[in-house]
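Letters A, B, ... are given to chains in the order of the sequence lines, protein chains preceding strands, and every chain is numbered from 1. Please read all numbers here as calculations on a predicted model, not as lab measurements. Side-chain atoms are counted along with the backbone in the values below, which use heavy atoms only and exclude waters and symmetry mates.
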Amino acid sequence: MRIGYPCLNRTLGCKAGKTFRLKSYSDSRLIESVENNLDCLLKMLRFNVKNNIFFFRISSVLVPFASHPVCKFNWQEHFKSTFIEIGKFIKKHGIRISMHPDQFTLINSLDEDIFKRSHKELFYHAQVLDLMELDNKAKMQIHVGGVYGNKKESIDRFIYRFGKLDSAVKRRLVIENDDVSYTLRNCMSISNKIGVPVLFDVFHHSVNCSGESVSGAIKLSRRTWKEKDGILMVDYSLQKKNAKPGSHAESIDIKSFKTFLKASRPYDFDIMLEIKDKEKSALKAVKALKGDKRFGGTA
DNA sequence: TCACGTCAAGCAGAT
DNA sequence: ATCTGCTTGACGTGA
């Protein structure tokens, strides 16, 4: 069991998601941003290792506009050695890596062009992980996509389009239950057909539930992860108090986190904390896990 | 140096 | 029709 947080560290003074406006694109601007982002990424990973945090989500804007037609620069070649260096650090310390292409990435879109752009975006994410020479256990998570007024057809379209994806994308893609459209059960039905692993989002499950208890949901979803995929990834968050349902809390509540840990026994999985204050909550979670047999760094 | 309008992409749900 | 949230602020123009 590993604890992780997404993309940003608020303690360190750097940002691994430095970008710029599309209008101001230039190769030199790209190089400058990526240099900064890779440098900061490694700093964050070092910080994490020091603090027993062995799960991390890499920002999608690591290479700004990487999948956009405006970008013709061979950043893959230019930063090859840096990617390898970061990858070595990740492997040396047994860090689990995930990425989360954003909400514009829709492989079940009715629009063929949106699918093509999404495929390019996914391919870019896969390239980042490939350049670091990470194995299949480093994943890219997306939601199933839009419903477009007909969920069954949209699920079928997802399955069909999945078959058309490049193998570099397929081997890393996992699907996640979302808070409005596709429940855990929906994701499971897709997984049963095409074998794609299902990442379990605890918070989304509480907002958009298909009936399973926490342990029941983990029991189901963990089976979709094969040996080569690594152990189940879980997204964990909680409701922000006095805000509308679905908004993420500012900080972890250790009491309810411990309740969740208890409910999830005896299963082992990696937990991504989608909480606003990032590493601060991750540090609290690491502390709360001391004494849990599942927490021993790598699993 | 700072305020603030706007930023590649799409969907769903609320207003 | 328009706005907001999503996983997340911050770029960059104009003063």
Side-chain angles (χ1 to χ4, degrees), chain A residues 4-10 13-26 29-30 32-33 36-37 40-41 44 55-71 97-125 139-151 154-155 157-158 161 174-183 186 199 201-204 207-208 233-240 243-250 271-282:
Chain A
Y5 62 96
C7 309
L8 280 84
N9 180 303
R10 302 191 190 281
C14 71
K15 296 232 154 45
K18 191 178 158 63
T19 184
F20 48 86
R21 296 285 177 257
L22 177 59
K23 270 196 295 191
S24 46
Y25 178 91
S26 70
R29 204 58 202 277
L30 181 76
E32 182 192 311
S33 295
N36 169 84
N37 294 346
C40 181
L41 174 59
M44 289 192 284
F55 188 20
F56 192 68
R57 183 184 297 164
I58 296 176
S59 166
S60 290
V61 285
L62 191 72
V63 184
F65 304 106
S67 74
H68 193 280
V70 77
C71 177
I97 294 291
S98 69
M99 294 187 85
H100 194 335
D102 67 30
Q103 65 271 26
F104 307 106
T105 308
L106 293 156
I107 74 173
N108 78 342
S109 176
L110 291 164
D111 182 336
E112 192 71 23
D113 284 339
I114 291 175
F115 167 64
K116 279 183 185 149
R117 283 198 294 274
S118 298
H119 192 188
K120 273 185 143 179
E121 178 72 357
L122 286 167
F123 190 73
Y124 145 65
H125 283 78
K139 295 298 186 191
M140 324 188 286
Q141 62 190 96
I142 58 167
H143 297 295
V144 177
V147 174
Y148 311 99
N150 186 330
K151 194 183 257 190
S154 298
I155 285 177
R157 198 166 46 253
F158 182 96
R161 290 265 182 68
V174 304
I175 54 174
E176 172 191 358
N177 57 302
D178 69 72
D179 55 346
V180 284
S181 306
Y182 294 94
T183 61
N186 295 146
L199 186 153
D201 188 309
V202 186
F203 184 43
H204 288 164
V207 180
N208 182 25
M233 288 180 177
V234 169
D235 277 0
Y236 179 89
S237 185
L238 66 166
Q239 178 62 40
K240 181 175 179 175
K244 61 174 160 182
S247 53
H248 292 246
E250 287 295 325
I271 310 173
M272 180 59 63
L273 300 172
E274 292 187 329
I275 295 171
K276 304 259 186 207
D277 69 0
K278 308 285 176 184
E279 79 284 355
K280 223 169 129 186
S281 284

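In this entry dT7(C) has no Watson-Crick or G-U wobble partner, no candidate having both defining distances under 3.5 Å.
As judged by a 4.0 angstrom heavy-atom cut-off over every strand, S109(A) is placed among residues touching the sugar-phosphate backbone only. Residue R117(A) is classed as a sugar-phosphate contact, given heavy-atom separations below 4.0 Å to backbone atoms only. Nucleic acid contact class of Y148(A) (heavy atoms, under 4.0 Å, all strands): sugar-phosphate only.
Between R29(A) and K278(A), the residue anchored nearer the 5' end of DNA chain C, judged by the nucleotide with its closest heavy atom, is K278(A). Comparing T19(A) and D179(A) along DNA chain C, the residue whose closest nucleotide (by nearest heavy atom) sits nearer the 5' end is D179(A).
The shortest distance between the side-chain N/O atoms of K276(A) and the OP1/OP2 oxygens of dT8(C) is below 4.0 Å.
Straight-line distance between the P atoms of dG9(C) and dG10(B): roughly 23 Å, to the nearest whole Å.
With rounding to whole Å, K18(A) atom NZ is found 10 Å from dA10(C) atom C1'. The OH atom of Y5(A) sits 14 Å away from the C1' atom of dT8(C) (whole-angstrom rounding).
Ion pair K280(A)/E250(A) not flagged as a salt bridge, since none of the NZ, NE, NH1 or NH2 atoms sits closer than 4.0 Å to an Asp/Glu carboxylate oxygen.
Remark: ring of F104(A) stacked against base of dA9(B); centroid gap under 5.5 Å, plane tilt under 30°.
Minimum atom distance to the side chain of F20(A) is reached by dG12(C), of the listed dG12(C), dA10(C), dA9(B).
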